[in-house]
Amino acid sequence: MFSDFRGFIEYLNHSGEVLTVKEKLAVKYEIPAAIEQISTRDGHVALFNNAHGYPHIAIVGNLFGKKSRLAEALGVKEGDLAETYSSRRHKLIEPSIMDNGPVKENIITGKIDILKILPVLTHHARDVGPYFTSAVVVAKDPQTGIRGMGIHRVLVREPDKLGIFLNSPPLSIFLDKAEKKGQPLEIAIVLGMEPAAFLSSIIWVPEGTDKFAIAGALIQRSIQLVKCESLDLEVPANAEFVLEGRVLPHERLPEGPFGESTGYYLTYDNPIAEINVITHRNNPIYHALMPFTCEEDVLFDFAWKMENRSVLIDSIQGMKDLRLRFVGLITVAQVEKKNDEDGKRVINELMMCGIPNKVIIVVDEDVDIYNDTDIWWALATRFQPDRDLIVKRDMPGLSIDPSTEQEESSTGSSVLVTKTAKIGLDATKPLSEREKFERINIPPHVMKRVDAILQSYLSHRR
Ligand SMILES: Cc1cc2nc3c(=O)[nH]c(=O)nc-3n(C[C@H](O)[C@H](O)[C@H](O)COP(=O)(O)O)c2cc1C
């Protein structure tokens, strides 16, 4: 197992999964463009060791561009990922607090200039400035002192000032509580966490759970933390970078446009944070995460499905598998029908289970939900709009879906409430007409033989 972020990258490099780009490329647009191309062409991890202006900092992108790498991060085979997660997840292992750690190899205080220290990327044409997109923001509940963390988009506004999108719990709730007390919220922004801790940071867990203890459970050893220099917070001892600071109470400024995970430029009135200390390892590695790529699909699918597997898959009768796309806005469910109402029953259960699944498509077992053409085919041939469609209004929506409406919360909290309608499409075949809907195929033994012949042709051509 890997003890840190760089150990994971070294391992992937030895396995031939890393593509190293040696050309001098700019952090504004060029490196993001290269990450996007590498991610769509072959899915390699992209390593840049000659970023313009940052010759001593390697930049790594598309780290989790393939689901197989999530499994590798936890030291298991891809097919065993879900089972390993469920069997280990609840055996929490508390983090241990160390006196020192590699993240303290360099401690920068005084006048902070973030962009002189970190190669923060500007990703899309109309982004207002450089954004951290893989930043795990750590904070404590101002009432209970329990730690929480999550990825949040962070704009570098000024040399030591950030704009930060604290829209999802637990940090949105922490800020709310701090503001009610008229206090700033202490935050540590961590880049380059060991993979298990990074993955644990994005899962949707019940309030009050320390995600470092989940990370410990997943890799069966405790995550080592160190105290921050200037805050009452703890961060991974082996992280690549940590920025220490405070979110200012009741201050909001327009933050954006930023090209979001849904593929649109979005601007919000968001809080401001001031940074007063940066610590980092020697020869640090910067973790880049390109928005709106298949890496985000992999991460959101993991974030929703691992923790909520029992609600989303195991407890829904007949459910075989579930695929989430576009931040979970589109959900494709594969079911084994036992009676004709099963397709609609699954749609209704999924609509109520708390994920932002605006479009739900239910298909049979003979449809490969990871193959888009197969899904289109099921919709084209098994779905009748006047019979198989369910629409529900006034459901909780996802704020970064630009088609939703946002309202002030009735509780007086500063967090806006997002409303959406949901649609369910039952593209399963009627049970009584199995024969009519039998899928055409070539005899499997012929397919196997021809496949083997073609493989040898293809390998000769290399
Ligand atoms: C790639 C990615 C980007 C995210 N960006 C943001 C963001 O900018 N703002 C935000 O409030 N939440 C964002 N989230 C969601 C949170 O990081 C986190 O997943 C959520 O807080 C789940 O934690 P919880 O179960 O403790 O509520 C993002 C998640 C992912 C996977």
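Keep in mind that what you see is a predicted model, and the values were worked out from it rather than measured. Every number for a ligand or one of its atoms is a count from 1 in the order of the listing.
- Remark: among candidates Ser399, Pro291, Pro169, the nearest residue to atom 20 (C) of ligand 1 is Pro169, based on non-hydrogen atoms.
- Note: no N/O pair closer than 3.5 Å links Ser201 and ligand 1 by distance alone.
- Neither the backbone nor the side chain of Thr209 has any atom closer than 4.0 Å to an atom of ligand 1 (non-hydrogen atoms only).
- Here the protein heavy atom with the shortest distance to atom 1 (C) of ligand 1 is Glu296 OE2, 3.6 Å.
- One finds no salt bridge joining Arg246 and Glu274 here, because no Lys/Arg side-chain nitrogen approaches an Asp/Glu carboxylate oxygen to under 4.0 Å.
- Residue contacts with ligand 1: Ile202 is placed with a nitrogen or oxygen under 3.5 Å of a nitrogen or oxygen of the ligand (distance criterion only).
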Q: Step by step, work out the side-chain hydrogen bond (donor to acceptor under 3.5 Å, both in side chains) result for Glu240 and Tyr286.
A: CA-CA 7 Å; Glu240 297 292 333; Tyr286 182 83; over 6 Å; no

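- Within 6.0 Å of OH in Tyr370 there are more than 12 heavy atoms belonging to other residues, nucleotides or ligands.
- Two residues are said to be in side-chain contact when any heavy atoms from C-beta on lie closer than 4.5 Å; Glu295 and Leu289 meet this criterion.
- In terms of protein heavy atoms, atom 15 (C) of ligand 1 is closest to Ser168 OG, 3.4 Å.
- Of all the heavy atoms of Leu171, none lies under 4.0 Å from any atom of ligand 1, so neither backbone nor side chain is involved.
- Using a 3.5 Å distance cut-off with no hydrogens or angles, the side chains of Ser403 and Lys358 do pair a donor with an acceptor.
- For ligand 1, the atoms sitting less than 4.0 Å from at least one non-hydrogen atom of Gly150 are 17 (O), numbered in the order shown with element in parentheses.
- Near Ile203, meaning under 4.0 Å from one of its heavy atoms, ligand 1 places the atoms 22 (C), 23 (O), 24 (P), 25 (O).
- The shortest N/O to N/O separation between Glu260 and ligand 1 does not fall below 3.5 Å.
- The number of heavy-atom neighbours closer than 6.0 Å to CG of Asn348, taken from other residues, nucleotides and ligands shown, is above 12.
- Neither side chain, Gln224 nor Ser96, offers a donor N or O lying under 3.5 Å from an acceptor on the other.
- The option from Val327, Leu199, Asn167 that lies nearest to atom 11 (O) of ligand 1, judged by heavy atoms, is Asn167.
- A donor-acceptor pair is defined here as one N or O able to donate and one able to accept, closer than 3.5 Å; such a pair exists between the side chain of Arg69 and the backbone of Leu63.
- Within the 4.5 Å cutoff, the side chain of Val190 has no heavy atoms near those of the Phe241 side chain.
- For Trp376, the CH2 atom is loosely surrounded, since the number of other residues' heavy atoms within 6.0 Å does not exceed 12.
- For the pair Arg153 and Phe165, the cation sits on the ring face: its NZ or CZ lies under 6.0 Å from the ring centre, inside 45° of the axis.
- Near Pro170, with a cut-off below 4.0 Å to any heavy atom, the atoms of ligand 1 are 24 (P), 26 (O), 27 (O).
- Comparing heavy-atom distances from atom 14 (N) of ligand 1 across Val154, Ile151, Leu166 singles out Ile151 as nearest.
- Residue Phe300 has no nitrogen or oxygen atom sitting less than 3.5 Å from a nitrogen or oxygen atom of ligand 1, judged on distance alone.
- Residue-level proximity to ligand 1 for Glu207 is absent, since no heavy atom of it falls below 4.0 angstrom.
- Between Leu299 and ligand 1, not a single N/O pair is under 3.5 Å apart.
- In terms of polar-atom proximity, Arg153 is counted as a contact of ligand 1, with an N or O under 3.5 Å from an N or O of the ligand.
- Between His152 and ligand 1, at least one N/O pair is under 3.5 Å apart.
- Lys211 NZ, 2.9 Å is the protein heavy atom nearest to atom 23 (O) of ligand 1.
- In this structure, the side chains of Val45 and Asn62 stay at 4.5 Å or more apart for every pair of heavy atoms.
- Atom 9 (N) of ligand 1 has as its closest protein heavy atom Phe165 O, 2.8 Å.
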